[in-house]
Peer 1: 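Have a look at the structure that comes next, please.
When reading the values below, keep in mind they use all heavy atoms of this one structure, side chains included, and skip hydrogens, waters and symmetry mates. Here is how names work: the chains are called A, B, and so on, in the same order as the sequence lines, proteins then strands, and each is numbered from 1. Keep in mind the model is a prediction, meaning the values are calculated, not measured.
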Protein chains: 2
Amino acid sequence: MELAFGKSGGLIPDVLMLGFMNDVALAETRKTGEVVFFSRSRNKLWKKGETSGHVLKVRELRIDCDADTILARVEAVGPGVCHEGYRSCFFRVLDERGEARVTERKTFAPERVYGSEGKQ
Amino acid sequence: MELAFGKSGGLIPDVLMLGFMNDVALAETRKTGEVVFFSRSRNKLWKKGETSGHVLKVRELRIDCDADTILARVEAVGPGVCHEGYRSCFFRVLDERGEARVTERKTFAPERVYGSEGKQ
């Protein structure tokens with residue numbers, strides 16, 4: 001299949017990842033134009049790409065009807081957003097038996113990008 | 001702008017809504033092939049479209065790297081998923097002043113679909 005990259009300015013819409021923001025993360029995102037999350041596990045702001053350089057440049061922030069979810073339309077800098085080395089974090093399909101099956105190919109070697117520091 | 005519907009089998013990828021599932025909701029979704037959420041506000045299962053008929057037919061369920069988020073790729077039956085009458089719940093852009101500005105047109109009259117029963 002040939003993807004119609006030309007039709008959408010080089011972008012193919014896809015869902016890359018889900019993260020959480022608090023009010024400070026949203027303010028930083030708006031101020032810098034690059035996505036900043038709030039890491040619940042580390043209990044602090046988490047600038048996506050601060051280690052890897054794989055930042056998310058904000059094209060548009062959308063708000064849902066309940067005003068409790070933000071959809072960030074972004075340009076993803078680099079070969080992928082996932083700390084496991086994939087373009088999108090949703091690289092597995094839940095199959096009929098309930099098993100998560102990898103359907104995508106890695107786009108980069110995460111150990112070279114992240115070292116032992118873990119997820120950024 | 002003419003959208004390239006023909007290129008993707010009639011589907012234009014977009015993010016329609018965000019909801020929550022518990023294990024029962026996921027099991028029901030897998031069993032029925034239509035999306036079932038868990039409503040946190042009503043504390044019960046919520047079959048999307050049970051009032052409106054605007055069900056979400058599951059094409060594929062994807063799991064993220066942390067196995068804590070599901071991406072449901074769906075065929076959305078009907079003119080829209082949003083209880084406010086829009087195709088997607090993300091019908092507003094957050095503008096530079098921090099105001100939520102409606103950028104989409106309604107695709108149906110929600111009061112005719114939902115009556116006074118509220119969101120389904």
Peer 1: Are A:Val36 and A:Val74 co-members of a hydrophobic cluster defined by side-chain heavy atoms under 4.5 Å apart?
Peer 2: no
Peer 1: According to a hydrophobic-cluster definition based on side-chain heavy atoms being under 4.5 Å apart (Ile, Leu, Val, Met, Phe, Trp, Tyr only), do A:Leu56 and A:Leu61 belong together?
Peer 2: yes
Peer 1: Considering only heavy atoms, which portion of A:Leu18 lies under 4.5 Å from any heavy atom of chain B: side chain, backbone, both, or neither?
Peer 2: side chain
Peer 1: Do you reckon A:Leu16 sits in the same ILVMFWY cluster as A:Met21, going by side-chain contacts under 4.5 Å, direct or chained?
Peer 2: yes
Peer 1: Does A:Ile70 share a hydrophobic cluster with A:Phe38, counting links as ILVMFWY side-chain heavy atoms below 4.5 Å and allowing steps through other members?
Peer 2: no
Peer 1: Rounded to the nearest 0.5 Å, what separation is found between the CG atom of B:Asp14 and the CG atom of A:Leu71?
Peer 2: 7.5 Å
Peer 1: Under a 4.5 Å heavy-atom cut-off, does chain B meet the side chain of A:Arg30, its backbone, both or neither?
Peer 2: side chain
Peer 1: So which part of A:Asp95 gets closer than 4.5 Å to some heavy atom of chain B, the side chain, the backbone, both or neither?
Peer 2: backbone
Peer 1: So do A:Thr69 and B:Phe90 actually touch side chain to side chain, heavy atoms under 4.5 Å?
Peer 2: yes
Peer 1: By a 4.5 Å heavy-atom criterion (distance strictly below it), what part of A:Arg73 contacts chain B: side chain, backbone, both, or neither?
Peer 2: side chain
Peer 1: Quick one: which of B:Arg92, B:Glu84, B:Glu60 has the most heavy-atom pairs under 4.5 Å with chain A, could you say?
Peer 2: B:Arg92
Peer 1: Among B:Asp64, B:Asp68, B:Val15, single out the residue with the greatest number of heavy-atom pairs under 4.5 Å to chain A.
Peer 2: B:Asp64
Peer 1: Between A:Arg101 and B:Ile63, is any pair of side-chain heavy atoms under 4.5 Å apart?
Peer 2: no
Peer 1: Please determine whether residues A:Met17 and A:Tyr86 belong to a single hydrophobic cluster, defined as Ile, Leu, Val, Met, Phe, Trp and Tyr linked transitively by side-chain heavy-atom distances below 4.5 Å.
Peer 2: no
Peer 1: Contact part of A:Leu26 toward chain B, heavy-atom cut-off under 4.5 Å: side chain, backbone, both or neither?
Peer 2: side chain
Peer 1: Would one find more than 12 heavy atoms of other residues, nucleotides or ligands at under 6.0 Å from atom CD of B:Glu96?
Peer 2: no
Peer 1: List the steps and the verdict of side-chain hydrogen bond (donor to acceptor under 3.5 Å, both in side chains) for B:Arg62 and A:Ser88.
Peer 2: CA-CA 11 Å; B:Arg62 304 192 72 89; A:Ser88 159; over 6 Å; no
